[in-house]
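Below: the structure, in structure tokens.
In what follows, chains carry the letters A, B, and so on, assigned in the order in which the sequence lines appear, proteins first and then strands, with residues in each chain numbered from 1. Predicted model only: the values in this text are computed from it and were never measured.
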There are 2 protein chains.
Amino acid sequence: MTPAAGTAPEGYDKRAFEPFAVTVDLAVFTIRGAVLQVLLIERGQEPYAGRWALPGGFVLPDESAETAARRELAEETGLSDVPGLHLEQLRTYSEPDRDPRMRVVSVAYTALLPDAPPDSVRMDPHLASLEPHGGGDAARAQWLPYDGLGPLAFDHDRILVDAHERVGAKLEYTCLATAFCPPEFTLGELQQVYETVWGTVLDRPNFRRKVLATPGFVEPIPGAARLTGGRGKPAALYRAGTAATLHPPLLRPSREGRPV
Amino acid sequence: MTPAAGTAPEGYDKRAFEPFAVTVDLAVFTIRGAVLQVLLIERGQEPYAGRWALPGGFVLPDESAETAARRELAEETGLSDVPGLHLEQLRTYSEPDRDPRMRVVSVAYTALLPDAPPDSVRMDPHLASLEPHGGGDAARAQWLPYDGLGPLAFDHDRILVDAHERVGAKLEYTCLATAFCPPEFTLGELQQVYETVWGTVLDRPNFRRKVLATPGFVEPIPGAARLTGGRGKPAALYRAGTAATLHPPLLRPSREGRPV
DNA sequence: TCAAAAGTGTTAAGTTTACACCCATGC
DNA sequence: GCATGGGTGTAAACTTAACACTTTTGA
């Protein structure tokens, strides 16, 4: 962009303030085999060499943070042109000491994407890009279970906890759960999303009634059915609907003393 | 974050990337006379000279964005040490062209505060600071009604809409409404908060039942009562409780096609 | 006495919960 | 057959919504 220095009125000289680096960090979630997984990269250099970290990188001079998030996701993990990728801003982390090297303000994003079943990776060349590979700055990129992660680099533990909490909360009052599902999915798979993110078990009859009673949450694909888990009755298939929010919301089973 | 090895190999050279300015913008709301009001400053210089804008300013090298938000609020508007000030991060705005002079990434905050009744401004020297006065870069600071604001400077219209939407949504499932109330308030005043932010009318008997049935939302002040509006039965007084979230939520009257 | 605002009561409608039971499939 | 997962039914408990009514104040 290169702003014209001459046109900057007083008090707006670039050298009048300390320059900040602005970066993006990505908390990328998927659900694989009923387990919530996070996409992480192994750091190749100090600080925190060898530690797992969130993918991310610098915002370039002529792009927005969201554009940078999409670009970094593609560069560092090979996840590009993913159909159904959901990306949304989480919050910005700006503690002065969050990077020991210099002042870095980071805009964190949460991304959700459907799992690519192992079979379709071999079948469909497009879906093959869902298998992340190292690239760009990252030593290697890999899906790891959200539960039981060791300490991550920088303040990435906290970012990940914030992202998880936000996703869990948004499942209650938005149609976000479908972002974890492939284009065609069963109600059992949708329920699995809720159960995995919330860490609870839901009543199947009540769950399906609730989902089907919410206009625009899912729409049936007439005649289509798929066998899940190898056994049992084939399940009817649904597509994501056009609604964005759930009214009334689908609340988590109530805990007693509930944190925010 | 994870800075780029390719861009800044060893040690993160500060000149390897274009410097960004990082600022904070504040959407400060209060409710005065059943009207939602926003604290704005009149710009004294180009661009947008004479236009209304959100208070805000640069994040300094050794402070977090939140610290900067508190400092700017005090400097530009005189609102410092306000008891009951609620401040929370909204989101970050980073479009490359959002400031015509240079690249500015802005972390926006939402602040809520109780109205200082005109009488108590004269009585209590502490509350007098609630009357904003210009200072710092701002030409002057003033409360203006949220509805019917002309176009603001920069992308501040959008920030304000986002902030309003967020506050409205958080009233549904958190105890945020008490942040608009003085330390002691009546249920009628609390209801007024909901009605003003949502732009709806609520049923009084049902509202009070809902509030009183939510543990930790409000707690009664035994024996205390206050006359409101000059006439009518004196209303019992309440304090904000210790709960942060509402279970079940207090949902807005349902509209048909609801936006997110 | 009246208007205004607080506060209580009641009932019908709707929602949620818990659980019993049937259906279709692979092994 | 039988285990497994999909799908339907139902009744009790609870929540919400609508509105009638009483109380306490200032004018």
Exercise for the section: Using a heavy-atom cut-off of under 4.0 Å over every strand shown, decide if Ala225(A) touches base, sugar-phosphate, or nothing. Expected result: nothing
Practice task
Decide yes or no for Thr92(A) and Val107(A): does some side-chain heavy atom of the first lie under 4.5 Å from some side-chain heavy atom of the second?
Solution key: yes
Handout entry: Short side-chain N/O contact from Lys210(B) to OP1 or OP2 of dT16(D), under 4.0 Å
Key = yes
Practice task
Using distance alone, with no hydrogens and no angle criterion, decide if Tyr93(B) and Asp25(B) have a side-chain donor and acceptor under 3.5 Å apart.
Solution key: no
Handout entry: side-chain hydrogen bond (donor to acceptor under 3.5 Å, both in side chains) partners of residues 208-231 of chain A, not counting sequence neighbours, each pair once
Key = Glu189(A)-Arg226(A), Asn206(A)-Arg209(A)
Practice task
State, yes or no, whether a side-chain contact exists between Phe29(B) and Phe180(B) at a heavy-atom distance under 4.5 Å.
Solution key: yes
Fill in the blank from the handout: Residues at least two apart in sequence or cross-chain that pass side chain to side chain donor-acceptor pair (under 3.5 Å) with Thr110(B), listed by chain then number, are none
Problem - Whole-Å gap separating C1' (dG6(D)) and CG (Leu202(A)) - result: 16 Å
Handout entry: Any donor-acceptor pair under 3.5 Å from Thr196(B) side chain to Leu36(B) backbone
Key = no
Collect all protein-nucleotide pairs involving nucleotides 19-23 of chain D in which both atoms are nitrogen or oxygen and the distance is under 3.5 Å.
none

Exercise for the section: Name every residue in residues 185-200 of chain A that has at least one heavy atom under 4.0 Å from any atom of DNA chain C, in order of residue number, or write none if there are no such residues. Expected result: none
Handout entry: Lys/Arg N to Asp/Glu carboxylate O, Arg166(A) vs Asp162(A), below 4.0 Å
Key = no
Exercise for the section: Would you indicate what Ala236(A) reaches in the nucleic acid, counting non-hydrogen atoms under 4.0 angstrom: base, sugar-phosphate, or nothing? Expected result: sugar-phosphate
Completion exercise
chain B vs DNA chain C, heavy-atom contacts under 4.0 Å, first-to-last nucleotide span, 5' to 3', is dA4(C) to dT10(C)
Fill in the blank from the handout: Phe207(A) CZ to dG5(D) C1', in whole Å, measures 15 Å
Exercise for the section: Taking the side chain as every heavy atom from C-beta outward, state whether Glu184(A) and Ile221(A) have any pair of such atoms under 4.5 Å apart. Expected result: yes
Practice task
Side-chain contact test, heavy atoms from C-beta onward, threshold under 4.5 Å: evaluate it for Phe207(B) versus Leu190(B) and give yes or no.
Solution key: yes
Problem - Whichever of Arg226(A) and Leu251(B) has its nearest DNA chain D nucleotide further upstream toward 5' - result: Arg226(A)
Problem - Results of side chain to side chain donor-acceptor pair (under 3.5 Å) for Tyr146(B) - residues two or more places apart only - result: His164(B)
Handout entry: Polar side-chain atom of His156(B) near backbone of Ala53(B) as donor-acceptor pair, under 3.5 Å
Key = no
